[in-house]
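Hydrogens, waters and symmetry mates are skipped; everything else that's a heavy atom, side chains included, is used.
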Amino acid sequence: VPLVESGGELVQAGGSLRLSCAASGRTWSGRTFSTYHMGWFRQAPGKEREFVAAISWSGGNTIYADSVKGRFTISRDNAKNTVYLQMNSLKPDDTAVYYCATNPSGWSTGTKREFYRDWGQGTQVTVSS
């Protein structure tokens, strides 16, 4: 499922951003966007790509990395084939390229990068101090 992220930009510390990840209407192996768990990951220069947040296919379950808990909120609109990441109280350490991805596996794999299949091209978030 092709994914396109948007919403990344330069923002001052303490500010907010809302990232979007839109999926095309194409299906993969007969599955549509609304049947996938979805996740957000990020990668800072010189660092490994790390888990940020995930949401179940229905939107009824979410999970967050400790570093963003209480500041970021993941949500989805299956009618629009879109998943969002609301980011508040941003810190310079949040600076990274943010990626969304599909997870066709069970919910218990939600934080594990290796279980995610389709990835977007990423959107740059830069937080200045």
Side-chain angles (χ1 to χ4, degrees):
V1 179
L3 303 169
V4 179
E5 302 96 335
S6 62
E9 61 181 70
L10 173 65
V11 64
Q12 287 189 332
S16 297
L17 283 176
R18 187 195 198 200
L19 305 184
S20 298
C21 170
S24 76
R26 297 194 308 166
T27 64
W28 181 86
S29 295
R31 294 183 65 172
T32 58
F33 171 81
S34 63
T35 66
Y36 287 104
H37 304 317
M38 296 294 296
W40 284 96
F41 288 75
R42 66 186 182 186
Q43 187 166 18
K47 295 188 177 181
E48 294 289 319
R49 191 171 298 189
E50 65 175 4
F51 170 77
V52 175
I55 188 167
S56 61
W57 66 268
S58 67
N61 293 292
T62 57
I63 188 169
Y64 297 92
D66 288 344
S67 59
V68 306
K69 201 172 294 182
R71 300 188 298 122
F72 290 11
T73 303
I74 188 171
S75 61
R76 68 189 296 163
D77 185 339
N78 286 341
K80 297 182 178 179
N81 286 348
T82 303
V83 62
Y84 305 97
L85 186 67
Q86 178 66 44
M87 305 187 296
N88 298 329
S89 302
L90 283 161
K91 306 174 182 179
D93 284 349
D94 295 318
T95 295
V97 177
Y98 283 72
Y99 300 88
C100 66
T102 61
N103 180 0
S105 302
W107 177 241
S108 63
T109 67
T111 64
K112 301 175 182 178
R113 187 180 69 180
E114 62 267 29
F115 288 93
Y116 284 78
R117 173 171 287 140
D118 302 302
W119 293 82
Q121 83 292 345
T123 185
Q124 176 70 49
V125 172
T126 303
V127 184
S128 64
S129 57

Query raised in the report: Yes or no on side chain to side chain contact (heavy atoms under 4.5 Å, CB included) for Tyr36 and Ile55, after CA distance, side-chain angles and deciding distance?
Result: CA-CA 9 Å; Tyr36 287 104; Ile55 188 167; over 6 Å; no
Report task. Would you sort out whether Asn78 and Lys80 count as a side chain to side chain contact (heavy atoms under 4.5 Å, CB included), showing the intermediate values? Result -> CA-CA 5 Å; Asn78 286 341; Lys80 297 182 178 179; over 6 Å; no
Requested in this report: Start with the C-alpha gap between Tyr116 and Tyr99, add the side-chain angles, then the distance that decides, and say whether ring-ring contact (aromatic ring centres under 6.0 Å, His included) holds.
Outcome: CA-CA 11 Å; Tyr116 284 78; Tyr99 300 88; over 10 Å; no
Query raised in the report: Do Leu17 and Val125 pass the side chain to side chain contact (heavy atoms under 4.5 Å, CB included) test, and can you show the C-alpha distance, the side-chain angles, and the key distance before you say yes or no?
Result: CA-CA 9 Å; Leu17 283 176; Val125 172; 3.9 Å; yes
Report task. Show the numbers, then the answer: is there a side chain to side chain contact (heavy atoms under 4.5 Å, CB included) between Leu85 and Thr73? Result -> CA-CA 6 Å; Leu85 186 67; Thr73 303; over 6 Å; no
Report task. Please lay out, stage by stage, how Thr82 and Asp77 fare under the test side-chain hydrogen bond (donor to acceptor under 3.5 Å, both in side chains). Result -> CA-CA 5 Å; Thr82 303; Asp77 185 339; over 6 Å; no
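Of all heavy-atom pairs between Ser129 and Ala13, the closest is CA-CB, 4.3 Å. Minimum interatomic distance between Leu3 and Ala101 (heavy atoms only, all atoms of both residues): CD1-CA, 3.8 Å. The shortest heavy-atom contact between Ala96 and Arg42 is CB-CB, 3.8 Å. Smallest separation of non-hydrogen atoms from Phe33 and Ala23: CD1-CB, 3.5 Å. The two residues Asn88 and Ser16 come nearest to each other via the heavy atoms OD1-OG, 2.9 Å.
Residues Ser34 and Trp57 fail the side-chain proximity criterion, which asks for heavy atoms closer than 4.5 Å. Counting heavy atoms from C-beta outward, Gln86 and Ser75 have side chains that stay 4.5 Å or more apart. Looking at Thr123 and Glu9, their side chains never come closer than 4.5 Å, going by heavy atoms from C-beta outward. Using a 4.5 Å heavy-atom threshold, the side chains of Ile74 and Val83 count as touching. Side-chain contact check for Asp94 versus Tyr98: some heavy-atom pair is nearer than 4.5 Å. Side-chain contact between Arg76 and Tyr84: absent, with no pair of heavy atoms (C-beta onward) separated by less than 4.5 Å. Counting only heavy atoms from C-beta outward, the side chains of Met87 and Arg71 never approach each other to under 4.5 Å. Residues Phe51 and Val68 are not in side-chain contact: their nearest non-hydrogen atoms beyond the backbone lie 4.5 Å or more apart.
Under the 3.5 Å distance criterion, the side-chain polar atoms of Ser56 are matched with a main-chain donor or acceptor of Asn61. Looking at Glu5, its side chain does come within 3.5 Å of a backbone N or O of Gln121 through a donor-acceptor pair.
Under 3.5 Å, the side chains of Thr109 and Asn103 contain a donor-acceptor pair of N or O atoms. A donor-acceptor pair shorter than 3.5 Å can be found between the side chains of Asp118 and Thr102.
A search for side-chain contact (heavy atoms from CB on, under 4.5 Å) contacts involving Ser128 returns Leu10, Gln12, not counting sequence neighbours. Applying the salt bridge (Lys or Arg N to Asp or Glu O under 4.0 Å) test to Lys69 and every residue at least two apart in sequence or in another chain returns Asp66. Residues satisfying the side chain to side chain donor-acceptor pair (under 3.5 Å) test with Thr62, not counting sequence neighbours, are none.
Residues Tyr64 and Phe41 do not share a hydrophobic cluster, defined by chaining ILVMFWY side chains whose heavy atoms lie under 4.5 Å apart. In the hydrophobic cluster analysis, where Ile, Leu, Val, Met, Phe, Trp and Tyr join through side-chain heavy atoms closer than 4.5 angstrom, Phe72 is grouped together with Val11.
Within the model, atoms CE of Met38 and CG of Asn81 stand 9.5 Å from one another, a figure rounded to the nearest 0.5 Å.
Between His37 and Trp107, the ring planes are perpendicular. Angles over 60° get that label, and only those under 30° would be called parallel.
Geometrically, Arg113 does not engage Trp119 in a cation-pi contact defined by less than 6.0 Å to the ring centre and at most 45° from the axis.
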